[in-house]
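To start, the structure itself, in structure tokens.
Along the sequence shown, residues are numbered consecutively beginning with 1.
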Amino acid sequence: MHHHSEHDGARYRDWHMLFRLHKLDHRRVGGSRLLGTGALVAIRALFFAYTLAGWLLSVILDAKDGQIKSHFVYFTYLCYTGLLAYLAASLVHTVQEWRHGRPSLFLKMPRILQLMHWLLFASALLYATIVSVMFWTLIYKSSDYSSTTRKWINASVHGSNIVIMWTDMVLGTMVFCPHWSHPLLLCFVIALYLALAYINEAVNGWFTYDFIDYKAHKALEIPIILGILVGIV
């Protein structure tokens, strides 16, 4: 890593210093700790293609089965969509780093969008971990996935997601939440989802996940939610 030039440092001032945006060296978005940039492009392209295929197939199957209205009520699919968005953005920036020696589009983005890219990475990594751990420990039942295609989608949205993001973090040079404000923002997103889940129950009469069913788990609901939020922080 090279030191910031005086010009680069001058770009990061005022309110965004609060979010440590000046610590996000633009070389991090397309650089690699272990590989050449061309190899990182190939790996991120593979990750993006695989995730896009899983995302499209899950939407198509739910639409075919008449379940598309509830598809994006599930935290799993919202997180998988976020993962797809991060992989698309990181691939674009890495290709530009490979071709031009710098992620020119990232440098042209307003500072707030640069921060959003950083938070998109952090959320994709954190939520993929939460989704995978909670699914395999609390939710998974083999009888729920009868077809081979459904089993592959399940393995993709609850398994490959965490493998992809942790591999991306190890191979790339992005950093995870270097400031206390970032986990708070990620907790706020979790709170928004819980609000969505309870609104869905009030409107449609069913919970997306059994462990957030406060009617069935009155004594455990608050400890479960607090445990998730504390784990994030």
- With sequence neighbours excluded, give me every salt bridge (charged side-chain N to carboxylate O under 4.0 Å, His left out) pair touching residues 114-124. none

- Selection residues 67-80 - residue pairs positive for salt bridge (charged side-chain N to carboxylate O under 4.0 Å, His left out), sequence neighbours left out: none

- Message: Is the shortest side-chain heavy-atom distance between Y77 and V131 below 4.5 Å?
- Response: no

- Should L194 and I199 be counted in the same cluster of Ile, Leu, Val, Met, Phe, Trp and Tyr side chains packed under 4.5 Å apart? no

- Item | Joint cluster assignment, Y50 & I43, ILVMFWY side-chain distance < 4.5 Å | yes

- Looking only at atom types and distance, does a side-chain atom of Y198 sit under 3.5 Å from a main-chain N or O of Y193, one as donor and one as acceptor? no

- Query: Got a sec, which pairs hit salt bridge (charged side-chain N to carboxylate O under 4.0 Å, His left out) with one end in residues 72-87, sequence neighbours left out?
  - Reply: none

- Message: H158 and ring-ring contact (aromatic ring centres under 6.0 Å, His included): which single residue from F135, F75, Y74 fits?
- Response: F135

- Item | Heavy-atom closest contact (S123 atom, L186 atom, distance) | CB-CD2, 3.6 Å

- Do any N or O atoms from the side chain of S32 and from the backbone of L171 form a donor-acceptor pair under 3.5 angstrom? yes

- Distance in Å, T129 OG1 paired with I162 CD1, rounded so as to fall on 0.5 Å steps: 4.0 Å

- Query: Rounded to the nearest 0.5 Å, what separation is found between the OG1 atom of T149 and the CG atom of N154?
  - Reply: 12.5 Å

- Message: For the CG atom of L115 and the CG atom of L120, what is their distance to the nearest 0.5 Å?
- Response: 11.0 Å

- Message: Hydrophobic clusters here meaning ILVMFWY residues chained together by side-chain heavy-atom distances under 4.5 Å, can you tell me if F48 and L46 are in one?
- Response: no

- Query: OH/Y80 to OG/S160 distance, rounded to the nearest 0.5 angstrom?
  - Reply: 4.0 Å

- Query: Would W166 and F47 count as a close aromatic pair, with their ring centres under 6.0 Å?
  - Reply: no

- Shared hydrophobic cluster for I153 and I60 (ILVMFWY, side-chain gaps under 4.5 Å): no

- Closest heavy-atom contact between M165 and A128? CG-CB, 4.4 Å

- Message: So N204 and V73, do their side chains get closer than 4.5 Å, heavy atoms only?
- Response: no

- Value rounded to 0.5 Å, distance of OG in S58 from CZ in R150: 8.0 Å

- If you look only at pairs with a residue in residues 81-104, which of them pass as a ring pair (Phe, Tyr, Trp, His ring centres under 6.0 Å), with sequence neighbours excluded? Y86-H117, Y86-F121, H93-F106, H93-H117

- Query: So how far is it from I164 CD1 to M169 CE, rounded to the nearest 0.5 Å?
  - Reply: 14.5 Å

- Message: Can you pull out every salt bridge (charged side-chain N to carboxylate O under 4.0 Å, His left out) where at least one residue sits in residues 32-46? Sequence neighbours excluded, please.
- Response: R44-D168

- Where do W152 and T148 land on the side chain to side chain contact (heavy atoms under 4.5 Å, CB included) test, with the steps shown first? CA-CA 6 Å; W152 176 74; T148 301; 5.7 Å; no

- Query: Any side-chain heavy-atom pair from H71 and V59 closer than 4.5 angstrom?
  - Reply: yes

- Message: Could you check whether any side-chain heavy atom of L83 comes within less than 4.5 Å of a side-chain heavy atom of Y127, counting everything from C-beta outward?
- Response: no

- Query: For S132, what residues pass the side-chain hydrogen bond (donor to acceptor under 3.5 Å, both in side chains) criterion, not counting sequence neighbours?
  - Reply: N161

- Task: Indicate yes or no: at least one non-hydrogen side-chain atom of T76 is less than 4.5 angstrom from one of T208.
- Result: no

- Task: Group every Ile, Leu, Val, Met, Phe, Trp and Tyr by side-chain heavy-atom contacts under 4.5 Å, then state whether V203 and L78 land in the same group.
- Result: no

